[in-house]
Amino acid sequence: MTSSVLQYIIEAQAKYARCIDDDRLEEWPSLFHGPCLYRITTASNYRDGLEAGIVFANSRGMLTDRVSALREANIYERQTYRHILGQPSILSEDGAKVRSETSFLVARILQDGDTSIYATGRYFDVYEIADRSAQLQERTVVCDSSRIDTLLALPL
Amino acid sequence: MTSSVLQYIIEAQAKYARCIDDDRLEEWPSLFHGPCLYRITTASNYRDGLEAGIVFANSRGMLTDRVSALREANIYERQTYRHILGQPSILSEDGAKVRSETSFLVARILQDGDTSIYATGRYFDVYEIADRSAQLQERTVVCDSSRIDTLLALPL
Amino acid sequence: MTSSVLQYIIEAQAKYARCIDDDRLEEWPSLFHGPCLYRITTASNYRDGLEAGIVFANSRGMLTDRVSALREANIYERQTYRHILGQPSILSEDGAKVRSETSFLVARILQDGDTSIYATGRYFDVYEIADRSAQLQERTVVCDSSRIDTLLALPL
C-alpha cells in the first residue's frame, strides 16, 4: 500500500462527514461513484450474515429520494450530527479497488442544544482509486447498537 | 498541498489539545503566533455571519487574563477535558498561510468522575507554515450546540 | 522522526482497537511483544507517581488469565466497546524504541443498545520498530476519571 492511498481515503471520508454535518444533504448522493451501494445494518445482523438491514439503497436515485423524504419529514425536529472518525484500516487492495474499515462515533445535537452519542460503529467501504482521489463505491454502515432510531433522521 | 503541511497541522493541533487536557493552561497563550485571534461562537451565529460570539480575544494578553480568571474562579469545581479530533481538511493555501477545518469532540470529566460530552464542533484555523511546523495564528471554534455553558470553564 | 514510524504506530493502535471492539479478546495478549507490560491507572494516581493502579500485568500469561476470567464472568452481561483514538504524539525515539502518547475515548454499548462514554484518557505506549511495523511492548492506560468501573469488563 502506498501512503497516498490511505490519505485519499481519509480525505474522502472527511469530505463525506462534512457534507452531512454541514447539512448539505442534497450533495450526499453525488459522493457515491459507479454502481453505488449504501446500507446500514447492526453488528448482530452483520455477524450473522443477514442481508436485511435498516437501510438499503443501490442507486443514487434511492439516496436522493431518501434526502427528499428527510427534508419533508424533519421540518419539526431540527438536529445536526458531528462525525468523529478513526483512522481507516486497509483491508485489501485489488488493483485500483481498495476496501477499508473505519470506526466512527456520531454525536447528535438537538435543537435545544442537548448533545448525546447517536451511534457508534464501523464503515466498511469500497473505493476506486482514480485521479489522485478515492471514489466511494460502496458503504456498509455497521452500527454497534441494535437499538437504532428507526427514523435515522440523517445519513451515517 | 504537500503531505508534510497536513502533518504539521496535525502535530500543532495535538500539542494544543494536550496543553488543555494536561491542565497546562498557562502555556496556552504561547501556542498562538503573530497577531493572535481566538474566538468561540455557535454554528447558528457562524451561519448567519454574526461576529458576536461567546468568547473573543485578539491578543495573547487577553488569553492570559482569561486563564488567570479561570484559575481564580475554578478552585471549587475541578474538571478536566479530553479532546478527540478528526483529521484536518485543508481549505486553502496561500503561500505559507494555510486554512483548515477540523471536527472535534470534547468530553468533560468532573471531579466525581462523571464523564459527558461537553462540546462538539469545528475548528477553523489559520496557520503559518515555518521552520517545519504549523504556527497557529487564528482559531475560530464553532460549537454545534447553541447551549454552551457560559462559564466555558476551560478553553476549547 | 520518519513519517513511517508514526504510520506504523497508527496501524498498530488501530489493530489493537479492532481486536477489542470485534470481541476477539483471545488475540489480545499476542498484540504485546517482548517482556510485555500492561497497566491501567487514573490520572490522579499517575500525576502523583503512584505505581499502584487498577490493573497490572507484566506477562502475556496474566493477560490470558484476565481474558479467561472475563469470559466466565460476563456471560450474563453482554457489552461491546468502540475505541475512538486521536493521532499519536511521539514523545521520544531511542533507536528502534519509540514512546508515544495517544488520546482515546471508549464508548460502551450495552446489550439493550444503550450507548455511553465508558472511559477517556491517554495511552502511554512503548513500541519497538521492526519489520516495517510497530510492536507494542508496554501500554499504560491513564484514565481521566477516577471513577472507573472496577470490573473493567473489557481491556482498554
Side-chain angles (χ1 to χ4, degrees), chain A residues 1-10 13-14 17 40-48 54 81-93 99-108 114-125 141-150 152 156, chain C residues 1-25 27 31 77-90 100 102-120 123 125 131-134 153-154 156:
Chain A
M1 180 195 64
T2 58
S3 65
S4 52
V5 166
L6 185 63
Q7 193 52 42
Y8 296 154
I9 292 177
I10 290 172
Q13 292 184 335
I40 303 179
T41 188
T42 64
S44 60
N45 276 2
Y46 186 78
R47 199 165 39 234
D48 296 345
I54 300 166
Y81 280 1
R82 177 61 51 195
H83 286 69
I84 303 289
L85 306 183
Q87 168 128 337
S89 296
I90 305 292
L91 301 180
S92 70
E93 282 192 85
R99 293 175 180 274
S100 67
E101 173 180 346
T102 310
S103 289
F104 68 82
L105 180 152
V106 176
R108 178 163 61 170
D114 195 50
T115 303
S116 60
I117 298 179
Y118 176 63
T120 63
R122 293 164 285 168
Y123 293 138
F124 289 100
D125 291 342
V141 183
V142 179
C143 295
D144 292 324
S145 174
S146 53
R147 198 182 64 192
I148 296 292
D149 186 345
T150 48
L152 270 175
L156 288 169
Chain C
M1 181 196 62
T2 58
S3 66
S4 52
V5 166
L6 186 63
Q7 192 53 42
Y8 296 155
I9 292 176
I10 290 173
E11 286 169 15
Q13 292 184 335
K15 191 177 171 187
Y16 181 106
R18 287 171 58 201
C19 176
I20 309 296
D21 294 351
D22 290 354
D23 195 27
R24 291 181 280 108
L25 300 186
E27 298 175 28
L31 297 179
E77 191 185 7
R78 277 282 301 162
Q79 54 182 308
T80 55
Y81 279 2
R82 177 60 51 194
H83 286 69
I84 303 289
L85 307 182
Q87 167 129 338
S89 296
I90 306 292
S100 67
T102 310
S103 289
F104 69 82
L105 179 153
V106 176
R108 178 163 62 170
I109 303 95
L110 296 180
Q111 178 73 19
D112 68 1
D114 196 49
T115 303
S116 60
I117 297 179
Y118 176 63
T120 62
Y123 292 137
D125 292 341
D131 302 331
R132 300 176 60 82
S133 72
L154 300 176
L156 287 169

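Chain identifiers are assigned alphabetically (A, B, ...) following the order of the sequence lines, protein sequences preceding nucleic acid strands; residue numbering begins at 1 within each chain.
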Margin query: Counting only heavy atoms not in C:Arg132 (residues, nucleotides, ligands), do more than 12 fall under 6.0 Å from its CZ?
Written below: no
Between the CD atom in A:Gln87 and the CD atom in C:Gln7, the distance rounded to the nearest 0.5 Å is 5.0 Å
Minimal heavy-atom distance between C:Ala107 and A:Thr120, with the atoms involved, is CB-CG2, 4.0 Å
Interface check, chain C: of A:Gly86, A:Ser116, A:Ala43, A:Ser145, most non-hydrogen pairs under 4.5 Å belong to A:Ser145
When you compare the side chain of C:Arg82 with that of A:Ser103, does any pair of heavy atoms fall below 4.5 Å? yes
Pair C:Thr115, A:Asp144 - check side-chain contact (heavy atoms from CB on, under 4.5 Å), show working. CA-CA 9 Å; C:Thr115 303; A:Asp144 292 324; over 6 Å; no
| message | Around atom CG of C:Asp131, are there more than 12 heavy atoms from other residues, nucleotides or ligands closer than 6.0 Å? | response | no
So CD1 of A:Ile117 and CD1 of C:Ile84: to nearest 0.5 Å the spacing works out to 9.0 Å
From the list C:His83, C:Gln13, C:Lys15, C:Arg18, the residue making the most non-hydrogen contacts under 4.5 Å with chain A is C:Arg18
Applying side chain to side chain donor-acceptor pair (under 3.5 Å) to C:Tyr16 and not counting sequence neighbours gives C:Trp28
Given side-chain contact (heavy atoms from CB on, under 4.5 Å), test C:Asp21 with A:Arg122 step by step and report yes or no.
-> CA-CA 10 Å; C:Asp21 294 351; A:Arg122 293 164 285 168; over 6 Å; no
Residues A:Ser89 and C:Ala14: closest non-hydrogen pair is OG-CB, 3.7 Å
Across all chains, not counting sequence neighbours, the ring-ring contact (aromatic ring centres under 6.0 Å, His included) partners of C:Tyr123 are C:Phe104
If one checks every heavy atom of C:Asp23 against chain A at 4.5 Å, the contacting part turns out to be neither
Under 4.5 Å to a heavy atom of chain C? For A:Leu105 that would be both
